[in-house]
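Note sheet for the following structure.
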Amino acid sequence: MQPPLRSLDSSPQLPSHADVVVIGGGIIGVFAAYYMARRGLSVAVVEKGRIGAEQSSRNWGWCRQQNRDARELPMATRSLELWEQFAADSGEDTGFSRCGLMYLSNDEEEIARWAKWRDFARTAGVTTHMLSGREATERGRATGRAWKGGVFSPSDGTADPGKAAPAVAAALMRLGGSVHQNCAARGIELEGGRVSGVVTEAGTIKTRTAVYAGGAWASSFCRQLGIRFPQATVRQTIVRVPPMAQQLPDALHTARVSVTRRSDGSYNLAISGRGRVDPTAQLLRFAPQFLPMFAKRWRNVFPGGLEGIRGGHESLARWGLDAPTPMERARILNPRPDAAAVKQTYERAVELLPALGHAGIANAWAGFVDSTPDGVPGIGEVWEVPGFILAAGFSGHGFGIGPGAGHLIADLVTGAEPIFDPAPYNPARFKQSAWGKVADF
C-alpha cells in the first residue's frame, strides 16, 4: 500500500533550456530547486513518477537535531530554521511543527549515551533536556508505566511527509520553476566532458548544471556516467493507525517502537533501524564497502527477498537514451511491507500505548532507504563529470534535513558562501574505507 500524498499538477510544457535541471522530485530535489529559483535561476524538476512519492512520503516525518551525528548536526540545526522560514515565505503547509521529540528508556546504558550526546550538543549550541525517572514517567504518562529516564528536545519537531515535498514544489512553480511528473531522466548529455543537457523521455533540456537527487536510483544512474557511487538500500516498514480521540505524544521514541502523530491526527508506528536488505547485483558489488556499517548495525537488519530485484533500481544494467529505462518501468518504488514487521510494530505500539489497541491498523507501507557506507549523504559536484551535482545517500535522515541540504546545493551551484561546511558530504570520500567513520545515529 502507498502512504497518503498530496496531488500536484505538472507544468504544462518541458522547457528547451534551463540554468539547472534537478533530477528527482523528493524533498531534497524540490528544496534545492526552490532555493535556486529564489536566486533567480531558471530551474526544471523532472520526476519519473509523482512528487514525493518514494521515500519522501514514506518516512516518520521527524525533523530533529537530537542524536544527530556530528557531521549532520549543522545541517539539521539550519534545517529547522528553514522549515519555519519556508512556511512564512511561501504560505504553503508542510505540517511542520516544533512539537518537541521525546525519548524514554529503562536502559541505563542508553540513557548514558543520550547524556553524552547532550554534552556534545551543548558545544554546538543545541539545547536538549535529560529527564529524570520522575520527569520521564510524568511526560510519558500515556504509557502508564514508570521510566528510568529520557530526553526531551523542545526545539525539534515533525513535518507531514504527505504534504511537504508537494508543498515545496508548488512554491517553486509560483517562483517560475517548472515541475514535470511522469517524466524520467534517461541520462546526461556531455560536451567537452561536462554537462550540456538532460535527456528525458519527453525530450532534452539543455543545461550546464544537473543536480541528481534520485534517492535509491542514484548508484544505477551514476553508473551510466562512469561514476562509482557505493549505495545500498534497506527496505523499512511503517504502520499507520487512524486518527484517535485520545491525545497521545506527538513524537515518542523508545528502543522497541516509535510513534509519530501526523497532521491529520493519525499516527505512524515504526521500529527504529529495523529493515530488510534485499539481495541484488548492486548490493553484492558494494558489499565490501558496507562491512563497517553491517558490523555496527547487524542486530537490526535482516535478509530480505526479491523486492529489490523487482524494483529494478539496483541492477548493474546499462541503458540507452533512446528507449525506455528501468525507471519508466518502475515509476514509483512501492515495495511490499514486511508482514512480520507490521505485526510486531503494532503489537509493540499497543504494549507501549494501550489506547492504540482500539484503533486498529489503517494501512502499512515500505520504502527503500538509500544508504552510504558511512551513513552520511553524498552532496557535491562529481569531479568525473563537471556540472553534475550529486545529492543522494541520505541514509534515512533526508526528510528532516531536506531544507538545509537543498540550501547547500543552491549555494554550491551559485558559488555563494555555503550555509554550513560542505566538506563532510564530499562524494570523493567514498573512495576511502568507512571503517571508524560510520555515523553514530
Side-chain angles (χ1 to χ4, degrees), residues 20-36 39 41 43 45 54-56 59 63 65 68-83 165 168 185 188 195 209-222 225 227-233 289 369-432 434 437-439 441:
V20 185
V21 176
V22 176
I23 302 168
I27 198 72
I28 308 299
V30 293
F31 262 121
Y34 170 78
Y35 287 117
M36 288 187 285
R39 301 179 194 197
L41 298 182
V43 186
V45 176
E54 293 188 339
Q55 197 55 27
S56 291
N59 59 84
C63 305
Q65 300 166 103
R68 284 282 185 198
D69 184 87
R71 289 162 288 186
E72 286 187 352
L73 185 57
M75 189 186 300
T77 299
R78 295 307 302 269
S79 290
L80 288 165
E81 300 166 7
L82 294 171
W83 278 109
V168 181
I188 303 294
V195 171
T209 305
V211 174
Y212 189 83
W217 294 88
S219 187
S220 294
F221 192 93
C222 286
L225 298 170
I227 299 168
R228 189 179 191 276
F229 176 45
Q231 185 181 39
T233 55
Q289 285 188 255
V369 174
D370 55 314
S371 300
T372 63
D374 60 10
V376 176
I379 305 173
E381 187 171 27
V382 180
W383 69 268
E384 294 97 329
V385 182
F388 184 76
I389 312 293
L390 179 66
F394 280 79
S395 304
H397 307 158
F399 182 78
I401 59 178
H407 198 295
L408 175 63
I409 294 162
D411 294 339
L412 297 176
V413 168
T414 61
E417 179 71 22
I419 189 172
F420 43 79
D421 183 9
Y425 316 109
N426 191 330
R429 74 182 193 277
F430 297 124
K431 293 180 171 61
Q432 302 172 357
K437 303 172 185 175
V438 176
F441 301 99

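Note: hydrogens, waters and symmetry copies are ignored here, and every other heavy atom, side chains too, is used.
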| said: Among residues at least two apart in sequence or on other chains, which ones pass salt bridge (charged side-chain N to carboxylate O under 4.0 Å, His left out) with R39? | reply: D411
| request: Would you name the heavy atoms of A392 and D370 that are closest together and state the gap between them? | output: C-OD2, 3.9 Å
| said: For the backbone of I27 and the side chain of S56, can you confirm whether one donor and one acceptor N or O come within less than 3.5 Å of each other? | reply: yes
| field | Interatomic spacing from CD1 in I28 to CD1 in I379 - rounded to 0.5 Å | value | 7.0 Å
| request: Answer yes or no: is there a side-chain heavy-atom contact under 4.5 Å between E54 and W217? | output: yes
| remark: Contacts satisfying side-chain hydrogen bond (donor to acceptor under 3.5 Å, both in side chains) that involve residues 390-401 (not counting sequence neighbours) are E72-H397
| said: Quick check against the 3.5 Å criterion: does W83 have a side-chain atom that pairs as donor or acceptor with the backbone of G400? | reply: yes
| Q231 side chain to T372 backbone, donor-acceptor under 3.5 Å | no
| In this structure, which one of V45, T414, I389, L41 forms a side-chain contact (heavy atoms from CB on, under 4.5 Å) with V20? | L41
| field | For G402 against S79, the heavy-atom pair lying closest together | value | N-OG, 4.4 Å
| Pairs flagged by side-chain hydrogen bond (donor to acceptor under 3.5 Å, both in side chains) wherever residues 415-431 is involved - sequence neighbours left out | D374-R429
| query | ring-ring contact (aromatic ring centres under 6.0 Å, His included) with F388: which residues, sequence neighbours excluded? | reply | none
| request: Supply the atom-to-atom distance L80 CG to C63 SG, rounded to the nearest 0.5 angstrom. | output: 6.5 Å
| said: Quick check for you: to the nearest 0.5 Å, what is the distance between E381 atom CD and L390 atom CG? | reply: 11.0 Å
| task | Using the side chain to side chain contact (heavy atoms under 4.5 Å, CB included) rule, take V376 and K437 through it: C-alpha gap first, then chi angles, then the decisive distance, then the call. | result | CA-CA 9 Å; V376 176; K437 303 172 185 175; over 6 Å; no
| remark: For A434 and P373, the nearest pair of non-hydrogen atoms, with its separation, is CB-O, 3.7 Å
| query | Would a 4.5 Å heavy-atom cut-off, applied to side chains only, mark M36 and V413 as touching? | reply | yes
| request: List for me each residue that meets ring-ring contact (aromatic ring centres under 6.0 Å, His included) alongside F430, sequence neighbours excluded, and say none if there are none. | output: F229
| Do V369 and T233 have side-chain heavy atoms sitting under 4.5 Å apart? | no
| said: Please find the pair of heavy atoms, one from A165 and one from G25, that lie closest to each other, and give the distance. | reply: CB-O, 4.4 Å
| task | Working to the nearest 0.5 Å, report the span between CD1 of I419 and CD1 of I409. | result | 11.5 Å
| message | I'd like to know whether D69 forms a side chain to side chain contact (heavy atoms under 4.5 Å, CB included) with L73, so could you lay out the CA-CA distance, the side-chain angles of the two residues, the decisive distance to 0.1 Å, and finally the verdict. | response | CA-CA 6 Å; D69 184 87; L73 185 57; over 6 Å; no
| task | Apply the test side chain to side chain contact (heavy atoms under 4.5 Å, CB included) to residues Y212 and V382: give CA-CA distance (whole Å), side-chain angles for both, the deciding distance (0.1 Å), then the verdict. | result | CA-CA 11 Å; Y212 189 83; V382 180; over 6 Å; no
| message | Can you classify the ring geometry of F31 versus Y34 as parallel (below 30°), tilted (30 to 60°) or perpendicular (above 60°)? | response | perpendicular
| message | As an exercise, state the distance from CD of E81 to NE2 of H407, rounded to the nearest 0.5 Å. | response | 10.0 Å
| task | Please report the closest heavy-atom contact between A410 and Y35, naming both atoms and the distance. | result | CB-CB, 3.7 Å
| query | Is any side-chain heavy atom of I401 less than 4.5 Å from a side-chain heavy atom of R78? | reply | no
| When rounded to the nearest 0.5 angstrom, what is the spacing between CE in M75 and CG in L82? | 11.0 Å
| message | Main chain of A76, side chain of Q65: is a donor-acceptor contact present, judged purely on distance under 3.5 Å? | response | no
| said: Could you walk me through whether V21 and T209 satisfy the side chain to side chain contact (heavy atoms under 4.5 Å, CB included) test, starting with their C-alpha distance in whole Å, then the side-chain angles of each, then the deciding distance to 0.1 Å, before giving a yes or no? | reply: CA-CA 7 Å; V21 176; T209 305; over 6 Å; no
| field | ring-ring contact (aromatic ring centres under 6.0 Å, His included) partners for F394, two or more places apart | value | none
